[in-house]
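Order of appearance sets the numbers: ligands from 1, and atoms from 1 within every ligand.
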Amino acid sequence: MTEIQQLLADREIILPEVITGHVGGTAVAIDPQANRHAVYFPGTGERIAFLQEDNITAVTNAVHCARNSFDNGDWSSAPTSSRQAVFRRAATLIREHAEELALMECLCAGLPASHLASRQIPRAADNLDFFADYIGVMAGETFEQLAGYQTSVTRQPAGVAALFAPWNAPLALASMQIASCLAFGNTCVLKPSEFTPVSVLKMVNLLEQAGLPPGTINVVNGSGTVTGAALASSPDINRIAFTGGSSTARHVMAAAANQLTPVHFELGGKSANIIFDDADFDRAVDGSLVNIFSNSGQICIAGSRILVQRSIAARFVAAFVERTQALKVGDPLDPATEVGPMAFKTHWQRVLDHIAKAKLEGATLLCGGEPLTKLGDGYFVAPTVFQVNSNRLSLCQEEVFGPVVSIQIFDEDEEAFSLANDSRFGLVGYCWTNSLARSQAFRQKVDAGTLWVNTPLARDLRAPFGGFKESGIGRDGPRQAAEFFTEEKATITAIDKVPIRKMGETTNTDAGK
Ligand code: NAD
């Protein structure tokens, strides 16, 4: 028995040898003819399971199931109080199973398990609770200004949604898509990343255990180019919500265009983290480390371009590099680990390629810059800091999605804002200052969907989240989700005997012309 098998056995967790999709409330049967992908533990490179790939026939079947489930009304016509109760029960179950879910996610994504159990898994429960609350206070609109009429505006669920989730925060992100979509009565077909299918399937089981009718969520598994492409081009989908890379989004949008399916995109970033000379220095150092090294750098909101004002630059660089070198990199199952491995081997290689290119392009390596092979066969990269003189380097323009950060010095505030905006992305931005005027200028001038002042990564679920430019289309958020996942309907009722034009009468003296 391997260490991982022992770990799972100790906790009575059953990981099937072949992971399949989940349709109509049950696991899809194993098909010996279907393609299979291996799923690896990034901490050691050990294979932990196989994933059975759903082809176009299997995807069509899942979409039909979601459609039938939508049409039968068990969920789409369920009273709000029933949907709230299911979400709340599921949130409780997720909290109760946090350790198990964290372990499953750690084994596929390699994210530090302690961080998963304490932050990301509870976040999945919070997302469900939040939407349960929101649908309880949502209201329609009524207009009475038109004399003799009452116009009411109501919403109904859009239908069947295709949800695409990435691998970098599988449950935290898939749960946001699921909660935003199901809260309003839709059904869905979810396509998790092929690298991290396990925890998502467990969460779907918990939702069904909480009372979600079978067929409301269906899961298809497999690669993006086979399973994902089949789902994106399905003619029977009413909405597509996609979280992933900007280049993949182009394929999804092209497929959606054939059916004119509305899309919601949460995509990549290359965000600036500006440290002004009047910042609380220690907090700025602490926050900047969290901004780039959380999730082992594999996070869309990474503050991957540090811009620091000249008068404090030398001190900041020294402190930041010292702390980076002290980060605990290693086994993601170890509670002490702060930075784990890259989630899969080709991504690991991609991060190393970015580092090699940065060196070639003349970025100055301050620390890291190499694979950590001394940690074994896992996909580890040493936390890496480069100093750069130009924002035009690939390192400053391409999303590395790993523990790699650039530091650039600026003089004037305006220069920092313009460097921040010199990007095809516009997801988030950070700034550290004690000046109200500077923080206001930052808010006005930096083009990004979320801006943080003097804090890393705090998120209020009531506020919209999403990106400018190539970082996305649309916003996550309660009102925004209601707009995307429902169809609005205006109903105009005559509340008086308002005159109607009498067409076809020979003596038409009616006033209602
Ligand atoms: P990805 O684009 O490779 O994959 C996302 C999903 O799309 C996966 O399920 C994948 O299998 C599927 N897919 C891939 N090719 C497809 C195709 N041709 N047709 C249909 N589906 C396809 O992204 P990833 O590597 O899993 O995630 C990392 C990216 O996600 C980064 O760019 C990151 O910034 C972004 N991200 C954005 C947010 C946000 O909220 N803005 C959050 C997390 C991650």
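Considering only non-hydrogen protein atoms, atom 17 (C) of ligand 1 sits nearest to Gly224 O, 3.3 Å. Among protein heavy atoms, atom 21 (N) of ligand 1 sits closest to Gly228 CA, 3.5 Å. Protein heavy atom nearest atom 23 (O) of ligand 1, with residue, atom name and distance: Gly245 N, 3.3 Å.
Considering each of Leu267, Ile240, Leu190, the one bringing a non-hydrogen atom nearest atom 41 (N) of ligand 1 is Leu267. When the heavy-atom distances from atom 25 (O) of ligand 1 to Phe344, Phe242, Trp167 are ranked, the shortest goes to Trp167.
Note that Arg239 lies in the cation-pi zone of Phe484, set by a 6.0 Å cut-off to the ring centre and a 45° limit from the axis.
A centroid separation of 6.0 Å or more is found between the aromatic rings of Phe485 and Phe184. Between Trp452 and Phe442, a ring centre-to-centre spacing not shorter than 6.0 Å is recorded.
Looking at Leu231 against ligand 1, nothing comes within 4.0 Å, counting heavy atoms. Within the 4.0 Å heavy-atom criterion, neither part of Phe195 lies near ligand 1.
Looking at Ala165 next to ligand 1, an N or O pair under 3.5 Å apart turns up. Residue contacts with ligand 1: Gly244 is placed with a nitrogen or oxygen under 3.5 Å of a nitrogen or oxygen of the ligand (distance criterion only). Polar contact with ligand 1: present for Glu399 (N/O pair, distance under 3.5 Å). On a distance-only criterion, Ser223 and ligand 1 share no N/O pair closer than 3.5 Å.
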Inset, instruction - Using the side-chain hydrogen bond (donor to acceptor under 3.5 Å, both in side chains) rule, take Asp476 and Gln480 through it: C-alpha gap first, then chi angles, then the decisive distance, then the call. - result: CA-CA 6 Å; Asp476 276 346; Gln480 294 75 9; over 6 Å; no
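Numbered from 1 in the order shown, with element, the atoms of ligand 1 that lie under 4.0 Å from a heavy atom of Pro192 read 9 (O). Within ligand 1, the atoms closer than 4.0 Å to a non-hydrogen atom of Gly268 are 32 (O), 34 (O), numbered from 1 in the order shown.
The residues Glu100 and Lys202 are annotated as salt-bridged, a charged nitrogen and a carboxylate oxygen being separated by less than 4.0 angstrom. Using a cut-off of 4.0 Å between Lys/Arg side-chain N and Asp/Glu carboxylate O, Arg424 and Glu470 are scored as salt-bridged.
With hydrogens and angles ignored, the 3.5 Å screen pairs a side-chain donor or acceptor of Asn421 with a backbone N or O of Asp447.
Considering CD1 of Ile473 and CD1 of Ile240, their distance stands at 11.5 Å, rounded to 0.5 Å.
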